[in-house]
Every structure is written in structure tokens, then in C-alpha cells.
Amino acid sequence: MEFTAEIKKATEPIYQKISKALPEIEWPSHAPYIYEINKLKKEKNAVILAHNYQTPEIYHGIADISADSLALALEAAKTKAKIIVLCGVHFMAETAKLMSPDKKVIIPDMQAGCSLAESITGEDVRMLKEKYPGLPVVSYVNTSADVKAESDICCTSANAVKVVESLGSDKVIFLPDHYLANYVQKNTKVKIISWQGTCMVHEKFTGKEVEDIKKENPDIKVIAHPECPPDVISASDFAGSTSTMVKYVKDNQPKKVLLVTECTMSDNVQVENPNVQFIKPCNLCPHMKKITLNKVYDCLKNETNEIKISHNIAEMARKSVLRMAEIGR
Ligand code: 13P
Ligand code: SF4
């Protein structure tokens, strides 16, 4: 695609914003896609929902909503658009389809997975239910529709404690993230039975790394995602979902901040918080990074990569997601 004078002019306001997070040399290759995708969105009545870990050119250039997984699920249910393009990973697109079954939901790369979603199957959940008969099953949205179908309710990192406590049970099965389960256990009296799944991005952070950064930057605020190991959370000032982290920075305007999470998010948040200095140990999610502008363009233009879920699984999985949506944030 060519970076014409017309495209340069039309995308200038976006460039002014994004230039803080993007080297100038990259702009001529992104701008034509941003221009064409935004045109296609209007023509096809499509909405682009993007996760906070998407690259700045997606987050600031084409997304209608950029948010955490809970907000993306709730937005999918609300939208009036005909097509939802989910710039994120497969479980997020599946969740959007469960929330909005009559819409066409497409994902730019079907292979954009998640180490947590891959750590457990519907069969594993059936086995757990046999082992602990009668206990409610809470599954993180970072799971397949098969797993959601076997669960009583879903949760995200934004509402995990609230969801667990809503069930009125003194013990629950919570899966698949062992570290999120650990975080929930620290914040509730309900006994948590967990699974051994981990996020391949957050498990890499260590408490020592955070302590070392704090020593070098005594005035820094450390905010961690609850998928991090327990020593990382203990060394942090605050833990919350990706959108909760964004809000913390916006509301508190710390001089210096460390977001212990996928590192692209710091670039995105930096654009809107120019007075905050971000310290960035960089762990990238290879699945999130499979989503690129040219793949968004192709799948929206050709309406390919549509999410399909078999009827029976979808009916059961939808109940778990809707039950979570009723609880909200
Ligand atoms: P959030 O729900 O906090 O956006 O997290 C999703 C995720 O995949 C984090 O790794
Ligand atoms: Fe999954 Fe971790 Fe990537 Fe989030 S960051 S999508 S939890 S692998």
C-alpha cells in the first residue's frame, strides 16, 4: 500500500498522537492500513475491539474500544455494529461471540492463543468435578468455550474475588491460573482449589527483579497484574486488571511507574500520560503480537476468520459468561 499525500493528510491527527510511541520511520508503512481499515469499518458497519496489549498503531490507530478482557466482553454485548473485529487472542473473540451470538465476530489471526487457555480442557474440568462433587467451578475467561461450558461462572482479573464470593460456597474450584487463584485466596475467606496453569508472560517476572528496580528508583510506583507470581505482587504497591492499571496511572499520575505486565501496554498508556515516566522490563505476549494491521485489513475486507462455536457448547458456555456479566466489575 502506498503512503500518498492524501493518506498523509488524513492520518496526520492520529500520527500526532501515536508519534510518542512509534518511531517516525514506521509511520509510512502503518498509515495506509490505518486509513483503509477505518474506511472499511464505516462501509461494513464494523467495530474494532482491542485489548490493552495491542500495538500502538492498533490501539490508537484503528480501535474503537481499547480495554481489558471484561470490558471487551461487555462491549461486545452492547455494540450495534454488524461485525466485531477482535484484536486480541482467540478466547477473547470466542467470548465476544458468546456475548453477541448474532454478530459476525472475526479475529485477524486464528492462531493467537494463550498459554492459560491451552493449559486445561473441558475433559479436565469434568475430571475435577468428579473429584470434588458439588463444588462450584469458576473459570477465568482465559479458557476455551469447552471449558466455559463445563463451568458455573466465568471471571476476569477485574472481578475474580467478587465472582468467587458471589457463589455463597465456602469452597470453589478456580481455574486455570494458579497465580490468579493465589491472589484471590489472599483476598477472600472462601477456600480455593486451583489448577496449575500459568501465563507465559507474567510468570517470567520475579520479586527480585521488582525489588532491584525499586532500589534503583526509590520513588517508583509498582503496579502488577494478578497473573504474576506471589512474590511480585507482594513487592508491588497495587494489583489489578489491565484497565485497572491504566486507571491507576491516569488517576494518580505517579512520577515514575513500573507496570508489571505485557510491556506494549506501557507504550500505549505513555501516550495519554506524558508526564509519567515508565520503567519497562519488556516481556511480550507472542500471541497478542500475532495481530497486525495487514491481518486486520485482510480479515475485515474479506470477512474471513469468523469465530464459530458449536450450538450445544455455545449455549452452555454463554450461561457462564452472562452470569459473570451480571456481576460486572
Ligand atoms: P485483563 O483481563 O486484565 O485485560 O488480562 C487479560 C490477559 O490476558 C492478561 O494477560
Ligand atoms: Fe494469555 Fe498471558 Fe498472553 Fe494474556 S499475556 S493472552 S494470559 S499468554
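Note that the structure is predicted; figures quoted are calculated from it, not measured. One-based numbering, in listed order, for ligands and for the atoms of each.
Protein heavy atom nearest atom 3 (Fe) of ligand 2, with residue, atom name and distance: C285 SG, 2.4 Å. Distance from atom 4 (Fe) of ligand 2 to its nearest protein heavy atom, with residue and atom name: Y53 CE1, 4.1 Å. Annotation: atom 1 (Fe) of ligand 2 to nearest protein heavy atom, C114 SG, 2.4 Å. Of the protein's heavy atoms, S69 OG, 2.3 Å lies nearest to atom 2 (O) of ligand 1. From the protein, the heavy atom lying nearest to atom 5 (O) of ligand 1 is H225 NE2, 3.3 Å. With hydrogens left out, the protein atom closest to atom 8 (O) of ligand 1 is N142 ND2, 3.4 Å, a heavy atom.
Ring-plane geometry between H202 and F205 is classed as tilted, the angle between the planes lying from 30 to 60 degrees on a 0 to 90 degree scale. Between W27 and Y15, the ring planes are tilted. Angles from 30° to 60° get that label.
Within the listing of ligand 1, atoms 10 (O) sit less than 4.0 angstrom from a heavy atom of H202. Counting atoms of ligand 2 from 1 in the listed order, those under 4.0 Å from a heavy atom of N142 are 7 (S).
The two residues S144 and A117 make their nearest non-hydrogen contact at N-CB, 4.4 Å. The minimum heavy-atom distance between N283 and V201, with the atom names listed, is ND2-O, 3.6 Å. G61 and I34 get closest at one heavy-atom pair: O-CG2, 3.4 Å.
Ligand 2 has at least one atom lying under 4.0 Å from a heavy atom of E227.
Considering backbone and side-chain atoms alike, T242 places an N or O below 3.5 Å from some N or O of ligand 1. For ligand 1, the polar-atom distance check against S157 finds a nitrogen or oxygen pair separated by under 3.5 Å.
Of all the heavy atoms of E227, the ones lying under 4.0 Å from any atom of ligand 1 belong exclusively to the side chain.
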